[in-house]
Protein chains: 2
Amino acid sequence: MQRTRGRAPTGGRADALSQELIVEAAVALLDELGERGLTFRLLAKQLKTGPGALYWHVSNKDELVALAADQVLGHAFAADPGSGEDAGSGLRALAVAVFDALDRHPWAASHVSAPPTLANALRLLDRIGTLVAGTALPAERHFEVATAISYYITGVSAQIIAPRTVHDATVSRDAFLARTARRWEALDAADYPFLTRATEHLRDHADRDQFTTGLDLLLGGLNTAAGPRPPV
Amino acid sequence: MQRTRGRAPTGGRADALSQELIVEAAVALLDELGERGLTFRLLAKQLKTGPGALYWHVSNKDELVALAADQVLGHAFAADPGSGEDAGSGLRALAVAVFDALDRHPWAASHVSAPPTLANALRLLDRIGTLVAGTALPAERHFEVATAISYYITGVSAQIIAPRTVHDATVSRDAFLARTARRWEALDAADYPFLTRATEHLRDHADRDQFTTGLDLLLGGLNTAAGPRPPV
DNA sequence: ACCTGAACACCGTTCAAGT
DNA sequence: ACCTGAACACCGTTCAAGT
């Protein structure tokens, strides 16, 4: 299970493999070729070994992709300005940093899963929880609220970002939205009264704004839940 | 693209294939064996044909799974009591119906993707939009708010439900939570001040409550956003 | 128009053998 | 302890041939 950590702990060959090295190379391949493009054969070739060698450091492809996605999640902490402000703005900044990190590595979005078990996912939930704990909310609600926020961040990011991994290779985002808008327009207005009038919004929408709209609703709900006390 | 619809439009053989038949059989196999267990060879055998025949009705496995997931989403409408109440309770009932439908078919959770293009996903967003339109919110915000709610429902459901498809075959949910709780306890309290104290909440938590906690926060935020008018 | 099934071009993963 | 690479047991998908 644990296998090697650390890089060539002394006396190892200079070009020794390690889980870090493998995950790093996997991220690069995933960025370039997507999840289907990542292959143990190809990855092994890049690292100048045989496919079997990789299995000494990761137990299978699922674990490898999960580790790679957690690596991407880690980028968010580098971008996040960190605390120093009130809980509300801290949560918002953190959420946006996660969205942006996943936005740059779309294949990762659908692989950040709950409850967290990997290093950076754990860090994320802990940070959210600590911010929530600095709120007017009663202590017994901290965990459920922190979890709800964490689920929103990763779940909604995945909803918005993951579809890109399917289409982007073949059609551009704009072309996809335009085609979808045309399909909505062609629907029967009696069956779909809302969608048939909403197509211009679909064409114009910015993904990041979609994410923050719901986020602000959720964080706004926090104020309500906490009662009329200092802003969260 | 379009291929056959409808079942044996007259003069067809009684046992003729159709997309509906294929999707129905796929749902059954997905329920039983999960996404990896669904195989064109196996599916063809169940339907007493060769694998090639399926490609006349669906273009590939991705499309088949997407259609199967949309089928599952359709179950939610059967369960939903429907309108007759205010927007807030209507949205809540619809959201919970979707969660429960996905809960019964966990493999589907990660395949409901946005923006909607398939029949039931379209219906869902239209229904949410219609409910939101019956709110005090200004009209120009209807689309973004409806989308935000829709993203919450499918995205957070997927976060909560999808992990089960990975573990359930090997370990039970309780065993997984217990193991995760133990890992959290073993973390350094200085690095993870929140998580190390939260493990009992993790063990006790009910998935469905996690979903509704965030949902109520989000819907509560709607009241704030709409100003002090009649409840949404 | 729709079905058949063999064949192609891959995969992830294992494992005996090496160093 | 770690690496090698051939081999196993599959896949999704295609396509010439049938009805």
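Bear in mind the structure is a predicted one, so any value in this text is a computation, not a measurement. Chain letters run A, B, ... following the sequence lines, proteins first and then strands; every chain starts at 1.
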Peer 1: Give a yes/no answer on whether the side chain of W56(B) brings an N or O atom under 4.0 Å of OP1 or OP2 in dC2(C).
Peer 2: yes

Peer 1: Can you sort out the partners of R203(A) under salt bridge (charged side-chain N to carboxylate O under 4.0 Å, His left out), two or more places apart, ordered by chain and number?
Peer 2: E185(A)

Peer 1: Show me the pairs that pass salt bridge (Lys or Arg N to Asp or Glu O under 4.0 Å) and involve residues 33-48 of chain A, at least two apart or across chains.
Peer 2: R36(A)-D62(B)

Peer 1: Using a cut-off of under 3.5 Å, enumerate the N/O to N/O pairs linking the protein to nucleotides 12-17 of chain D.
Peer 2:
unit_1: dG12(D); atom_1: OP1; unit_2: L38(B); atom_2: O; d: 3.4
unit_1: dG12(D); atom_1: OP1; unit_2: K61(B); atom_2: NZ; d: 3.1
unit_1: dG12(D); atom_1: OP2; unit_2: F40(B); atom_2: N; d: 3.2
unit_1: dG12(D); atom_1: N7; unit_2: R41(B); atom_2: NH2; d: 2.6
unit_1: dG12(D); atom_1: O6; unit_2: R41(B); atom_2: NH2; d: 2.7
unit_1: dT13(D); atom_1: OP2; unit_2: Y55(B); atom_2: OH; d: 2.9
unit_1: dT13(D); atom_1: OP2; unit_2: K61(B); atom_2: N; d: 2.9
unit_1: dT13(D); atom_1: O5'; unit_2: Y55(B); atom_2: OH; d: 3.2

Peer 1: Check the distance between dG5(D)'s C1' and L54(A)'s CG and give it to me in whole angstrom.
Peer 2: 12 Å

Peer 1: What integer distance in Å separates L17(A):CG from dT19(C):P?
Peer 2: 18 Å

Peer 1: Note every stem involving DNA chain C: at least three consecutive Watson-Crick or G-U wobble pairs, i with j then i+1 with j-1, with both distances under 3.5 Å.
Peer 2: C:4-8 with D:12-16, C:12-16 with D:4-8

Peer 1: Check side chain to side chain contact (heavy atoms under 4.5 Å, CB included) between L29(A) and all other residues, then give those that pass, not counting sequence neighbours.
Peer 2: E32(A), L33(A), L38(A), L42(A), L43(A), Q46(A)

Peer 1: Rounded to whole angstroms, how far apart are CG on L21(B) and C1' on dC3(C)?
Peer 2: 15 Å

Peer 1: Could I get the full list of side chain to side chain contact (heavy atoms under 4.5 Å, CB included) partners for Q210(A), not counting sequence neighbours?
Peer 2: I160(A), H205(A), F143(B), T147(B), Y151(B)

Peer 1: Rounded off to whole Å, could you give me the NZ-to-C1' distance for the K45(B) and dC10(D) pair?
Peer 2: 14 Å

Peer 1: Please list, chain by chain and in numerical order, all residues satisfying side chain to side chain contact (heavy atoms under 4.5 Å, CB included) with D188(B), sequence neighbours excluded.
Peer 2: A190(B), D191(B)

Peer 1: Rounded to whole Å, please give me the gap between CD in Q19(B) and C1' in dC3(C).
Peer 2: 17 Å

Peer 1: Between R183(A) (side chain) and R179(A) (backbone), is there a donor-acceptor pair under 3.5 Å?
Peer 2: no

Peer 1: Just list the side-chain donor-acceptor pairs under 3.5 Å for residues 101-110 of chain A, sequence neighbours left out, or say none.
Peer 2:
unit_1: D103(A); atom_1: OD1; unit_2: R164(A); atom_2: NH2; d: 2.2
unit_1: H105(A); atom_1: ND1; unit_2: D31(A); atom_2: OD1; d: 2.7
unit_1: H105(A); atom_1: ND1; unit_2: D31(A); atom_2: OD2; d: 3.1
unit_1: W107(A); atom_1: NE1; unit_2: D31(A); atom_2: OD1; d: 2.7

Peer 1: What pairs with S113(A) under side chain to side chain contact (heavy atoms under 4.5 Å, CB included), at least two apart in sequence or on another chain?
Peer 2: P163(B)

